[in-house]
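Computed from a predicted structure; not experimentally measured.
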Amino acid sequence: MTDWSSLHHAYGTAEDIPGLLSGVSPNPDAPQWDDLWSRLCHQGTVYSASYAALPVLTRMARQWSPSDRRMPLCLAGAIVASTDQPYGDEDPRATYAREMSDLVKLTEEALQDPGLADDPTYVHLLAALLSFEGVEVWGEWLDGLNDEEYEVPCPACGSENFIVFGQYGHFSTTDSMYMKHATARRVPLRPQTPSSMDGLARRLHTRAEADGQSDIAHKLCYVFGHAQCAHCDAVFSVDEAIVARWGS
């Protein structure tokens with residue numbers, strides 16, 4: 001049995017966590033989910049109680065249907081992906097290896113749900129899958145696909161570039177207010193073609209297409225493509241710049 005009184009979350013002792021976990025439902029709007037997120041993964045920070053909750057979240061996901069298990073999977077994925085561990089350096093993939101194996105399978109099933117069409121939760125689940133598999137950076141930062149933007153420094157000159165791919169166009173710019181005006185320089189992105197993809201890029205693109213997520217597959221071509229710095233004109237790999245910024 002877990003001694004929750006000896007564990008901590010963002011607001012103190014974790015004695016309230018069992019009650020919150022037992023009171024949640026598949027409804028993502030249930031207030032208990034907000035309470036759990038704010039305690040166990042507060043602005044991306046995790047605590048001793050965060051990891052202790054993983055077996056419960058796994059059991060919950062196992063008992064619920066693929067369409068109902070999205071919230072426990074996404075919360076578990078965010079916990080596992082977090083590199084902000086101010087109170088220790090536990091590796092949840094090692095401590096909870098059996099749960100990780102189950103979570104991979106459960107997430108694979110959830111990703112195939114047709115109800116995820118045009119739902120940003122798809123990217124969250126895909127990120128969770130990468131977290132459980134131990135893929136660095138992307139488990140925590142894949143959500144840029146939903147934001148349709150990544151901010152990365154140019155590897156050559158260090159200038160901050162906004163890599164934009166969505167409703168505002170497909171370009172790099174140094175203007176943080178690009179969505180409000182078009183006066184700053186915009187340099188078109190150079191997407192990678194699906195046929196030239198390999199490794200993680202090919203896997204994610206193939207997965208998105210198979211799951212009927214053509215818009216996500218299209219965005220991946222830009223995230224794994226190239227950009228030209230809007231300040232110095234150096235051409236760089238977008239995904240490599242993302243990993244360099246947030247990798248260990």
Side-chain angles (χ1 to χ4, degrees), residues 43-44 70 74 77-78 81 111 113-131 135-247:
Q43 297 180 346
R70 299 173 188 176
C74 287
L111 282 165
D113 179 10
L116 285 171
D118 300 319
D119 189 327
T121 305
Y122 178 83
V123 171
H124 298 156
L125 286 171
L126 192 58
L129 178 64
L130 298 178
S131 301
V135 178
E136 294 185 0
V137 177
W138 296 106
E140 193 168 12
W141 296 104
L142 193 68
D143 195 45
L145 284 168
N146 284 335
D147 298 333
E148 299 182 336
E149 171 197 287
Y150 280 98
E151 181 183 358
V152 295
C154 168
C157 72
S159 297
E160 290 292 324
N161 277 254
F162 293 87
I163 310 302
V164 182
F165 47 93
Q167 63 174 314
Y168 297 105
H170 303 79
F171 55 86
S172 58
T173 181
T174 56
D175 180 14
S176 63
M177 301 301 291
Y178 64 84
M179 70 292 296
K180 293 189 175 181
H181 48 73
T183 57
R185 186 184 185 207
R186 299 183 175 192
V187 185
L189 298 179
R190 306 179 185 185
Q192 186 173 181
T193 61
S195 61
S196 66
M197 288 180 170
D198 57 14
L200 181 63
R202 176 179 286 275
R203 180 194 166 197
L204 292 177
H205 187 274
T206 301
R207 163 108 233 181
E209 288 283 15
D211 291 336
Q213 298 284 341
S214 58
D215 183 58
I216 296 300
H218 180 67
K219 291 175 181 177
L220 285 166
C221 294
Y222 291 94
V223 173
F224 286 92
H226 288 80
Q228 182 175 327
C229 176
H231 178 72
C232 76
D233 288 332
V235 176
F236 59 91
S237 169
V238 175
D239 62 294
E240 289 179 5
I242 292 170
V243 171
R245 160 145 283 181
W246 289 292

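A parallel orientation is assigned to the rings of Tyr222 and Phe165, their planes being inclined by less than 30° (bins at 30° and 60°).
At distances below 3.5 Å, not a single donor-acceptor pair connects side-chain atoms of Ser196 with backbone N or O atoms of Gln192. Looking at Arg245, its side chain never comes within 3.5 Å of a backbone N or O of Glu240 through a donor-acceptor pair. Under the 3.5 Å distance criterion, the side-chain polar atoms of Tyr150 are matched with a main-chain donor or acceptor of Trp141. One N or O on the side chain of Arg202 and one on the backbone of Met197 form a donor-acceptor pair closer than 3.5 Å. At distances below 3.5 Å, at least one donor-acceptor pair connects side-chain atoms of Asp113 with backbone N or O atoms of Gly115. With hydrogens and angles ignored, the 3.5 Å screen pairs no side-chain donor or acceptor of Asp211 with any backbone N or O of Gln213. With hydrogens and angles disregarded, a donor-acceptor distance shorter than 3.5 Å links the side chain of Glu148 to the backbone of Gln167. With hydrogens and angles disregarded, a donor-acceptor distance shorter than 3.5 Å links the side chain of Asn161 to the backbone of Ser159.
Atoms OG and NE2, from Ser131 and His124 in turn, are 11.5 Å apart once rounded to the nearest 0.5 Å. One finds the CG atom of Asp175 at 11.0 Å from the NZ atom of Lys180 (value rounded to the nearest 0.5 Å). The structure places CG of Asp143 at 8.0 Å from CG of Leu145, a figure rounded to the nearest 0.5 Å. In this structure, OG on Ser214 lies 9.5 Å from NE2 on His205, to the nearest 0.5 angstrom. Here CG of Leu116 is found 4.0 Å from CZ of Arg70. Values are rounded to the nearest 0.5 Å. Of the inter-residue distances, the one linking Gln228 atom CD with Arg185 atom CZ reads 6.0 Å to the nearest 0.5 angstrom.
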Going through the distances and angles, do Val152 and Val238 end up as a side-chain contact (heavy atoms from CB on, under 4.5 Å)?
CA-CA 8 Å; Val152 295; Val238 175; 5.7 Å; no

side-chain contact (heavy atoms from CB on, under 4.5 Å) between Leu220 and Ile216, worked out:
CA-CA 6 Å; Leu220 285 166; Ile216 296 300; 4.2 Å; yes

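Looking at every heavy atom in both residues, Tyr122 comes nearest to Ala208 through OH-CA, 3.5 Å. Across all their heavy atoms, Ala241 and Pro153 have their closest contact at CB-O, 4.4 Å. Summarising the geometry of Ala230 relative to Val187, their closest heavy-atom pair is CA-CG2, 4.0 Å, with the distance given to 0.1 Å. Minimum heavy-atom separation, Phe171 to Leu189: N-CG, 3.5 Å. Closest of all the heavy-atom pairs between Phe236 and Pro155 is CG-CD, 3.5 Å.
In this structure, Ile242 and Ile163 have side chains that are not in contact, with every pair of non-hydrogen atoms separated by 4.5 Å or more. Cys221 is listed as a side-chain neighbour of Pro194, based on a closest heavy-atom distance under 4.5 Å. At least one side-chain heavy atom of Trp138 sits less than 4.5 Å from a side-chain heavy atom of Val223.
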